[in-house]
Every structure is written in structure tokens, then in C-alpha cells.
Participant: 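Have a look at the structure that comes next, please.
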Amino acid sequence: MVPRRDPFERLLSDTVRAGVCPGLVWAVGDARTTLSRGAVGVLDPARPAGPVRHDTLFDVASLTKILAVWAVTGTLVDAGKLDLAAPLGSYWPEAAGRPVAGVTAHHLLTHTAGMPLRANLRPLYGSDPQDIRDGVLAEPLRHRPGEAVAYTDRAALILGYLTEYLTRRPLARLAEERVWTPLGMTETRYGPLPAAVKERCAPTEYDEESGRHLQGTVHDFSARALGGACGIAGVFTTAPDIGRFLRHLLDPVPGTFSAAWTAASLRVHTGALVPPRGLFWHPAPYTDPADGVWAHFGFTGTGLWVSPARDRWAVLLTNRLYLTRDPGPLSRVRDVFRRLVFS
């Protein structure tokens with residue numbers, strides 16, 4: 001009898017053959033184990049003999065918001081060091097007297113703070129990190145906090161600044177100490193990557209300044225302006241490490257953010273506003289909040305899903321930016337992948 005092919009492998013192999021992206025790595029599991037995992041395609045189309053592997057490192061772009069900012073914020077809420085409902089200006093001197101003074105951490109986590117939609121940091125504020133920080137905190141709001149939901153990178157950037165103020169520690173160190181080390185995420189780090197592991201990293205978009213595809217250096221321009229490490233982007237990691245992170249959401253490991261933080265985050269906090277939002281998480285596209293499947297995606301082509309109600313998690317990593325900025329083809333693949341995982 002010919003063995004049946006893994007449905008994930010069939011879907012994702014077809015995706016690579018269709019030219020959607022150079023390669024993909026996936027993993028699917030529950031609270032106890034990994035149920036399916038694999039890798040298809042090549043690491044770098046310029047070197048077609050080199051396959052993408054399960055331990056390939058990816059620039060995960062906005063998954064940084066979950067793996068670093070959301071998780072670290074949870075440890076501060078658990079410890080009673082951050083009141084999500086308190087206006088920033090009431091306890092953070094940098095925010096006092098500025099447009100963000102009346103914004104709360106809850107507004108930032110639900111993307112209802114009224115921040116400008118685009119980061120656009122260097123054109124607006126220059127290249128000095130302190131000038132960027134000052135400019136972001138002084139920027140006028142688009143609308144009153146709580147009036148509308150609008151995704152913006154600035155929410156995670158400001159939350160990252162806030163965690164650093166509350167702890168007097170850089171975000172990269174906080175994420176390592178409070179989240180990644182307790183969960184055994186030994187491959188996860190902010191870039192730029194050291195030479196010893198750079199060759200295992202999937203390259204992203206062609207960079208005009210350097211004359212080559214970015215590899216081991218964060219693609220996000222705002223993150224690069226801030227030295228490669230901020231709340232917006234900058235994290236590099238592997239599918240197994242993200243699996244450890246997502247498994248913690250289903251079966252918590254002592255010593256990092258709590259089950260209570262996860263439960264509070266994976267429910268709608270935006271009332272009748274659309275689109276519905278949890279705390280940084282959102283219901284997976286083409287699902288209803290009642291389905292209990294939550295997701296987050298990254299511009300480079302990365303995505304993760306989790307559902308405590310269904311005892312299932314999934315991660316899909318790719319470097320589709322090597323080939324295209326058009327998100328449409330990969331979005332359709334993600335939807336089929338999600339239906340396979342949670343059917």
C-alpha cells in the first residue's frame with residue numbers, strides 16, 4: 001500500500017511549486033506533542049541545491065509583537081506592575097502632557113489608541129533613537145482612544161518602550177529572561193544574527209543599500225532604524241521554538257506569563273467595534289470569535305494560530321518577501337492551512 005501524504009506537505013509543496021514563496025516550514029501540535037511538522041522548498045533561490053529545513057531561522061516580523069511584547073507585558077501584568085486600565089500619563093513621565101497621556105496599555109493592546117497607522121519613523125523623526133522615541137510619543141492621535149480599531153505598528157513600539165521604563169531593562173533582554181529562556185526557546189533572539197547562525201536564516205527582500213537580499217538582518221525598516229530590536233519587529237526564530245511558545249499557551253510552564261494572561265488575551269476586548277480584537281491577538285481570518293481560533297501574522301510571510309478550546313496550535317513560516325510583496329496568494333494558502341489544522 002502506498003502511504004498517504006501528509007495533507008500539510010501536499011498543500012505547501014504545491015504552494016512552492018506555484019511560486020508563492022521559496023520555501024515553507026510548518027508545525028502543528030497540541031498541549032502534549034507536535035502532531036505534524038516539515039519543510040518544503042529552498043532556503044535561497046540563488047542556491048537551489050540548499051533546502052529549507054525545520055531548524056531554519058526566519059525573520060518573523062510582526063510575530064515579534066506576540067513573542068516579545070505581548071508575552072513580556074503579560075509578565076508585568078501578572079506581577080502587578082502594570083495596570084492595563086491606567087492612563088499612561090498617570091505613571092509614565094515621558095507620556096505626561098503628550099497626546100498619549102490619556103491612552104492606556106489596554107488601548108495599545110487592542111489597537112484602539114488612535115495612533116497613526118504607519119510607523120514611518122525615519123522620514124518623520126530622523127535616525128537618532130531618542131528623537132524617534134520623542135517623536136512617536138508626541139505624535140497627535142487620529143481619534144480619541146477607544147473609538148475605533150486600527151492596526152498600527154506604533155502600538156507595539158510604545159508598549160515596548162513602556163516595558164523598558166517599568167523594568168529599566170531593554171526589551172530584548174526582558175524577552176530572553178522572562179519568556180524565551182523559561183520556555184527553552186534557545187534559537188530565538190533579536191538580530192542582527194551572528195555569523196555562526198546567519199547561514200541558517202532564510203533571506204528576505206533585496207536591499208538596494210547593500211546590493212543583496214537581507215539575511216540575518218531585520219527586514220522591517222523601522223526596526224532597522226532602531227538598531228534591529230524594538231516592539232515592532234526584529235525577532236528571528238524557528239518553528240520548533242514557536243511550537244514551544246504556543247504549547248505553553250495550552251499547557252503553561254512555570255516561570256513566565258500565566259494561563260490567566262493567555263485566557264484574558266484570547267477573548268474579544270473591543271465590544272461592537274470591528275474588526276474584533278483580543279489583546280494583540282485577533283480571531284483568525286474567515287472565522288468567528290466563537291470558533292475560538294486566534295492568530296497573528298508577520299509581513300515577511302509568517303503566521304501562528306492557537307485555540308485552547310480545540311487544544312491545537314500551528315505555525316507557518318516562510319520568506320515570501322524574497323519573491324513578492326503581494327500578500328494575496330499566501331493569504332489564500334494560510335486559510336486552507338488553518339482549515340486543515342482546525343477542522
Participant: Can you find a heavy atom in the side chain of Thr73 that is under 4.5 Å from one in the side chain of Val69?
Facilitator: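 The answer is yes, as the side chains (C-beta and beyond) meet within the 4.5 Å cut-off.
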
Participant: Is there a continuous path of hydrophobic side-chain contacts, each under 4.5 Å between heavy atoms, that joins Phe299 to Phe297?
Facilitator: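 Result: no, two separate clusters.
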
Participant: Taking Thr110 for its side chain and His107 for its backbone only, find out whether a donor-acceptor pair lies under 3.5 Å.
Facilitator: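 Flag set: sc Thr110 to bb His107 pair under 3.5 Å.
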
Participant: Kindly work out whether a path of hydrophobic side-chain contacts (I/L/V/M/F/W/Y, heavy atoms less than 4.5 Å apart) joins Leu76 to Leu279.
Facilitator: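 Linked, Leu76 and Leu279 end up in one cluster.
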
Participant: Which of these passes side chain to side chain contact (heavy atoms under 4.5 Å, CB included) with Val77: Leu109, Val72, Asp83, Leu82?
Facilitator: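 That would be Leu82; it is the only one of Leu109, Val72, Asp83, Leu82 passing the side chain to side chain contact (heavy atoms under 4.5 Å, CB included) with Val77.
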
Participant: Should the pair Phe280 and His296 be assigned to parallel (<30°), tilted (30 to 60°) or perpendicular (>60°) ring geometry?
Facilitator: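 Answer is tilted, since the angle falls between 30° and 60°.
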
Participant: Does the side-chain contact (heavy atoms from CB on, under 4.5 Å) test come out yes or no for Arg47 and Val42, once each step is laid out?
Facilitator: CA-CA 8 Å; Arg47 295 178 291 169; Val42 299; over 6 Å; no

Participant: Would you check, one step at a time, whether the test side-chain contact (heavy atoms from CB on, under 4.5 Å) holds for Trp313 with Leu35?
Facilitator: CA-CA 10 Å; Trp313 57 264; Leu35 302 171; over 6 Å; no

Participant: Check the pair Met115, Ile158 against side-chain contact (heavy atoms from CB on, under 4.5 Å), reporting the backbone distance first and the verdict last.
Facilitator: CA-CA 10 Å; Met115 301 288 167; Ile158 293 173; 3.4 Å; yes

Participant: Sub-3.5 Å donor-acceptor pair from the side chain of Thr318 to the main-chain atoms of Gly23, do we have one?
Facilitator: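 Between the backbone of Gly23 and the side chain of Thr318 there is a qualifying donor-acceptor contact (under 3.5 Å).
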
Participant: Look at Asp335 together with Arg332 and state whether they make a salt bridge at an N to O cut-off of under 4.0 Å.
Facilitator: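 No, Asp335 and Arg332 are not salt-bridged.
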
Participant: Kindly work out whether a path of hydrophobic side-chain contacts (I/L/V/M/F/W/Y, heavy atoms less than 4.5 Å apart) joins Ile66 to Leu84.
Facilitator: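 Per the 4.5 Å side-chain linkage, Ile66 and Leu84 are co-clustered.
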
Participant: Determine the minimum heavy-atom distance between Ala85 and Thr104, stating which atoms define it.
Facilitator: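 In terms of heavy atoms, the two residues are closest at O-CG2, 3.4 Å.
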
Participant: Within the distance-only criterion (no hydrogens, no angle test), does the side chain of Arg334 pair as donor or acceptor with the backbone N or O of Thr302 below 3.5 angstrom?
Facilitator: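 At least one qualifying donor-acceptor pair exists.
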
Participant: Does atom CZ (Arg53) have a neighbourhood of more than 12 heavy atoms from anything else shown, all under 6.0 Å?
Facilitator: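 Check fails, neighbour count at 12 or below.
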
Participant: Take atom CZ of Arg310 as the centre, draw a 6.0 Å sphere, and report whether it contains more than 12 heavy atoms from other residues, nucleotides or ligands.
Facilitator: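 Count over threshold, so yes.
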
Participant: Within the structure provided, determine whether Ser13 and Val40 are in side-chain contact (heavy-atom separation under 4.5 Å).
Facilitator: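 Sidechains of Val40 and Ser13: in contact.
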
Participant: Any salt bridge between Arg118 and Asp153, counting N to O under 4.0 Å?
Facilitator: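 Salt bridge between Arg118 and Asp153, a charged N being under 4.0 Å from a carboxylate O: no.
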
Participant: Counting C-beta onward and ignoring hydrogens, is there a side-chain heavy-atom pair between Phe236 and Phe58 closer than 4.5 Å?
Facilitator: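 Counting from C-beta outward, Phe236 and Phe58 never come under 4.5 Å.
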
Participant: At their closest point, which heavy atom of Lys65 faces which heavy atom of Ala156, and how far apart are they?
Facilitator: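 Here Lys65 and Ala156 meet closest at CG-CB, 3.6 Å.
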
Participant: Check residues 252-260 and write down every donor-acceptor pair under 3.5 Å in which the side-chain atom is one partner and the other belongs to a residue at least two apart or another chain.
Facilitator:
| residue | atom | partner | partner atom | Å |
| --- | --- | --- | --- | --- |
| Thr256 | OG1 | Arg178 | O | 2.5 |
| Ser258 | OG | Asp78 | OD1 | 2.8 |
| Ser258 | OG | Asp78 | OD2 | 3.2 |
| Ser258 | OG | Ala260 | N | 3.3 |
| Ser258 | OG | Trp261 | N | 3.1 |

Participant: Return yes if a side-chain donor-acceptor contact under 3.5 Å exists between Ser62 and Tyr151, otherwise no.
Facilitator: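 Side chains of Ser62 and Tyr151: pair found under 3.5 Å.
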
Participant: Taking a hydrophobic cluster as the set of Ile, Leu, Val, Met, Phe, Trp and Tyr residues connected by side-chain heavy atoms closer than 4.5 Å, whether directly or through intermediates, do Leu250 and Phe342 fall within one such cluster?
Facilitator: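 Per the 4.5 Å side-chain linkage, Leu250 and Phe342 are not co-clustered.
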
Participant: Nearest 0.5 angstrom please: Glu205 CD to Thr324 OG1, how far?
Facilitator: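 So the CD of Glu205 and the OG1 of Thr324 are separated by 9.0 Å.
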
Participant: If we only count heavy atoms from C-beta on, is the Asp207 to His213 side-chain gap below 4.5 Å?
Facilitator: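 With C-beta onward as the side chain, the pair stays apart.
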
Participant: Begin from the C-alpha positions of Ser36 and Asp6 and carry the test side-chain hydrogen bond (donor to acceptor under 3.5 Å, both in side chains) through to its verdict.
Facilitator: CA-CA 8 Å; Ser36 174; Asp6 185 313; 2.7 Å; yes

Participant: Given 3.5 Å as the limit, does a donor-acceptor pair link the side chain of Thr167 with the main chain of Thr163, or not?
Facilitator: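 Checking the backbone N and O of Thr163 against the side chain of Thr167, a donor-acceptor pair under 3.5 Å is found.
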
Participant: Would you mind checking if Asp220 and Arg224 are paired as a salt bridge, meaning a charged N to carboxylate O distance below 4.0 Å?
Facilitator: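 Answer for the salt bridge query: no.
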
Participant: Distance-only check: which donor-acceptor pairs under 3.5 Å involve side-chain atoms of residues 136-147, not counting sequence neighbours?
Facilitator:
| residue | atom | partner | partner atom | Å |
| --- | --- | --- | --- | --- |
| Glu139 | OE1 | Tyr125 | OH | 2.6 |

Participant: Rounded at 0.5 Å granularity, tell me how far OG1 in Thr287 sits from NE2 in His282.
Facilitator: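 Taking OG1 in Thr287 and NE2 in His282, the distance rounds to 9.5 Å.
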
Participant: Between CG of Asp134 and CD of Glu94, what distance do you get to the nearest 0.5 Å?
Facilitator: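 Rounded to the nearest 0.5 Å, the CG-CD separation comes to 7.0 Å.
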
Participant: Set out, in order, the CA-CA distance, both residues' side-chain angles and the distance that settles side-chain hydrogen bond (donor to acceptor under 3.5 Å, both in side chains) for Ser307 and Trp294, then state yes or no.
Facilitator: CA-CA 6 Å; Ser307 176; Trp294 296 81; over 6 Å; no

Participant: Indicate the atoms forming the closest heavy-atom contact of Leu171 with Gly160, along with that distance.
Facilitator: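 Closest approach of Leu171 to Gly160, heavy atoms only: CD2-CA, 4.3 Å.
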
Participant: Any sub-3.5 Å donor-acceptor pair from Thr181's side-chain atoms to Glu177's backbone N or O?
Facilitator: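 Answer holds: no.
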
Participant: Can you list the steps and then say if Val60 with Leu317 is a side-chain contact (heavy atoms from CB on, under 4.5 Å)?
Facilitator: CA-CA 8 Å; Val60 296; Leu317 302 178; 4.2 Å; yes

Participant: Determine whether Phe245 and Leu67 make a side-chain contact, defined as any pair of heavy atoms from C-beta on separated by less than 4.5 Å.
Facilitator: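 The answer is yes; the side chains approach within 4.5 Å.
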
Participant: Quick one: do Arg32 and Asp30 make a salt bridge, cutoff under 4.0 Å?
Facilitator: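 Result for this pair is yes, salt bridge flagged.
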
Participant: With the side chain counted from C-beta on, respond yes when Leu124 and Ile132 share a heavy-atom pair under 4.5 Å apart, and no when they do not.
Facilitator: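 Leu124 does not reach Ile132 side chain to side chain.
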
Participant: May I ask you to test the Glu199-Gln215 pair for a side-chain heavy-atom distance under 4.5 Å?
Facilitator: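 The answer is yes, as the side chains (C-beta and beyond) meet within the 4.5 Å cut-off.
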
Participant: Report the distance from atom CG of Leu226 to atom CD1 of Ile232, rounding to the nearest 0.5 Å.
Facilitator: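 Separation between the atoms: 7.0 Å.
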
Participant: Determine yes or no for a side-chain-to-main-chain donor-acceptor pair under 3.5 angstrom, with Arg37 supplying the side chain and His54 the backbone.
Facilitator: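 Side chain of Arg37 to backbone of His54, a donor-acceptor pair under 3.5 Å: no, none is there.
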
Participant: Measure across Tyr322 and Pro22 and return the closest heavy-atom pair with its distance rounded to 0.1 Å.
Facilitator: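 Of all heavy-atom pairs spanning Tyr322 and Pro22, the closest is CB-CG, 3.8 Å.
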
Participant: Check whether Tyr190 reaches the backbone of Cys230 with its side chain - one donor and one acceptor, N or O, closer than 3.5 Å.
Facilitator: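 Yes, because the side chain of Tyr190 sits within donor-acceptor range (under 3.5 Å) of the backbone of Cys230.
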
Participant: Just verifying a value: how many Å separate Thr64 OG1 and Leu157 CG, rounded to the nearest 0.5 Å?
Facilitator: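 Thr64 OG1 to Leu157 CG: 12.0 Å, rounded to 0.5 Å.
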
Participant: CZ of Arg320 to CG of Asp326: how many Å apart, nearest 0.5 Å?
Facilitator: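 Rounded to the nearest 0.5 Å, the CZ-CG separation comes to 7.5 Å.
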
Participant: Could you tell me which non-hydrogen atom of Val25 sits nearest to which non-hydrogen atom of Ala239, and how far apart they are?
Facilitator: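 Smallest interatomic distance, heavy atoms only, reads CG1-CB, 3.6 Å.
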
Participant: Under a 3.5 Å distance rule, please check whether Thr152 uses its side chain to pair with a backbone N or O of Arg154 as donor and acceptor.
Facilitator: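 Checking the backbone N and O of Arg154 against the side chain of Thr152, a donor-acceptor pair under 3.5 Å is found.
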
Participant: If I compare all heavy atoms of Pro87 with all of Ser90, which pair ends up nearest, and what's the gap?
Facilitator: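 Pro87 and Ser90 have their closest heavy atoms at O-OG, 2.6 Å.
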
Participant: For Thr188 and Thr237, indicate whether the former's side chain and the latter's backbone hold a donor-acceptor pair under 3.5 Å.
Facilitator: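 Answer holds: no.
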
Participant: Are Phe8 and Val306 linked, directly or through intermediate hydrophobic residues, by side-chain heavy-atom contacts shorter than 4.5 Å (ILVMFWY only)?
Facilitator: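 Different hydrophobic clusters.
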
Participant: Begin from the C-alpha positions of Phe337 and Trp305 and carry the test ring pair (Phe, Tyr, Trp, His ring centres under 6.0 Å) through to its verdict.
Facilitator: CA-CA 10 Å; Phe337 179 78; Trp305 298 257; 5.3 Å; yes

Participant: Determine, for Tyr286 and Arg338, whether the Lys NZ or Arg CZ falls below 6.0 Å from the six-membered ring centre while staying within 45 degrees of the axis.
Facilitator: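 Judged by the rule, Arg338 and Tyr286 form no cation-pi pair.
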
Participant: Is there a side-chain contact between Val268 and Arg277 (heavy atoms, below 4.5 Å)?
Facilitator: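 No, too far: nothing below the 4.5 Å cut-off.
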
Participant: If we ignore hydrogens and angles and just use 3.5 Å, is the side chain of Thr15 paired with the main-chain N or O of Leu11 as donor and acceptor?
Facilitator: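 Indeed, once roles are kept as given, a pair shorter than 3.5 Å links the two residues.
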
